[in-house]
Amino acid sequence: MRAIQGIVSLSLLLGTWAGPAYPPRPCSLLTSTGTRNPAYPLDVVDKLEEATMPKVQAWMAKRAGKTNNCTLENAAVRREWSGLSVDERKEYIRAVLCLQAKPPKAPKDKVPGSLRRFDDFVATHMTMARALHSSNNLFAAHRYYIYIYEKALREECGYTGYQPYMNYDRYANDPINSPMFDGSDSSMGGNGAKSDYPGVPRPFPRPYDKIPSAGGGGCVTTGPFKNMVVSLGPKSTIVRGIPNNPRADGLGSNPRCLHRDVNKYSAAGARANYTYSAIMENKDIDSFYNRYLGQPQLKGDTHPWGLHNAGHYIIGGDPGGDFYCSPSDPAFYFHHGMLDRVWWLWQMQDPENRVDKVPGSGAMSIPGMLGHGGMKMKDKRQDLTNAVVDLGWTAPSVKLLELNEMLGGLGGEFCYIYV
Ligand SMILES: *[C@@H]1O[C@H](CO)[C@@H](O)[C@H](O)[C@H]1NC(C)=O
Ligand SMILES: *[C@@H]1O[C@H](CO)[C@@H](O)[C@H](O)[C@H]1NC(C)=O
Ligand SMILES: [Cu+2]
């Protein structure tokens, strides 16, 4: 074990970056598939991740073969976008475009606006929004949600890699010119055109009570998603010039371009120091959950939105900044991937005591914010033994408590690691 750890850390530190080809089924941290792009120095959370690996290994060793066969050696590797070679990025993009071209499976009578398979996932997020975002579910249900999306990319569109994530900190200074959003054909699309997008004029704690527009908000005109058709919603976004959905529930067909405000102000609230302190300074699940949502505001915090909101509004506007339809921007999955990574890192600081914990304080109170939606969440600490996560027509219902373990959850179906 110690030898393995040595090799892992060394290759990560040296950043022996994969370069070209993607092996058909990358499974081992001991191969080049687990490396980072040396152009980006490790941030404090990357370093924490490396320092946490011995704990992960000890935890895995203890559980080896008991309930499933997931090991660090056969785990899938979800990498940071910049850690994929350009060809690998293009392979991912091709798979998303494929999902955006396949016919939907959601029932036409219930979701007339789901025009493509990709939209089925958006519709699931919209119709299950309440359940997906209750405090009991937010972490685990989104973990499952990303997993089934990744599965669809692989099984329905032949993608051979895994869902990448976006390490906000790498791009926080200049997200518009990052590999995520620079508009090149290996990016997730460019910024939206200049528009009168007003930013997020919500009642954030003063004096930083709004996330200002970063100058975009109009149609994305560069990169692989410039011709993308967004159909569902909007539902909670108020952006002038976006036609209302023909249905009150937002599930009607409302074809329009992908709008986006790639927002560096929002990104500043999701820098590595925020992530690091959220992980390290919150010992119990409810404190961690509240910090993740930016509550209560830290003294003197200039970007007090919490990781979840700050990450979401990096892709503000329609649909990325819409509580219900946010997954209609394909960058959504990168953001929630990062959040999943952060939850895992929090769990792994003390796996014995943290892996099975579920947030239950329900401190979702700021109205109108993403993940808050003006709803009063009232989950109390309760018996969750039989609680179920239902993702409608995108996946079978599963037990909530089976989703907590990233390396081995769902009877071993979950078996992946972030690098
Ligand atoms: C692990 O894999 C072995 C060999 O394929 C199999 O016999 C065993 O049932 C598996 N164990 C679990 C818990 O899935
Ligand atoms: C993170 O760093 C920024 C810039 O130095 C600072 O303004 C902010 O308060 C820090 N946040 C946390 C949570 O430490
Ligand atoms: Cu969300």
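First listed ligand is number 1; within each ligand, the first listed atom is number 1.
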At less than 4.0 angstrom from any non-hydrogen atom of Leu298, what atoms of ligand 2 do you find? 13 (C)
Which residue and heavy atom of the protein sit nearest atom 9 (O) of ligand 2, plus the separation: Tyr274 OH, 3.9 Å
Within 4.0 Å of some non-hydrogen atom of Ser277, the atoms of ligand 2 are 13 (C)
Using a 3.5 Å cut-off on N or O atoms only, is Asn273 in polar contact with ligand 2? yes
Atom 7 (O) of ligand 1 touched by protein (heavy atom, under 4.0 Å): no
Would you mind checking if Glu156 and Arg117 are paired as a salt bridge, meaning a charged N to carboxylate O distance below 4.0 Å? yes
Pick out which of Tyr333, Trp81, Phe181 makes a side chain to side chain contact (heavy atoms under 4.5 Å, CB included) with Met166. Phe181
For Thr302, the ligand 2 atoms with a heavy-atom partner under 4.0 Å come out as 7 (O)
Is atom 11 (N) of ligand 1 near the protein, in the sense that some protein heavy atom lies at less than 4.0 Å from it? yes
For the residue pair Tyr147 and Tyr416, is the inter-centroid distance of their aromatic rings smaller than 6.0 Å? no
Nearest heavy-atom approach of Ser82 to Asn37 is O-ND2, 2.9 Å
Mark yes or no for whether Lys110, through its side chain, and Ala106, through its backbone, hold a donor-acceptor pair below 3.5 Å. no
Would you indicate which of Thr67, Asn68, Asn69 comes nearest to atom 3 (C) of ligand 1 when only heavy atoms are counted? Asn69
In plain terms, say whether Arg143 and Asp340 are close enough for a salt bridge, that is, a side-chain N and a carboxylate O under 4.0 Å apart. yes
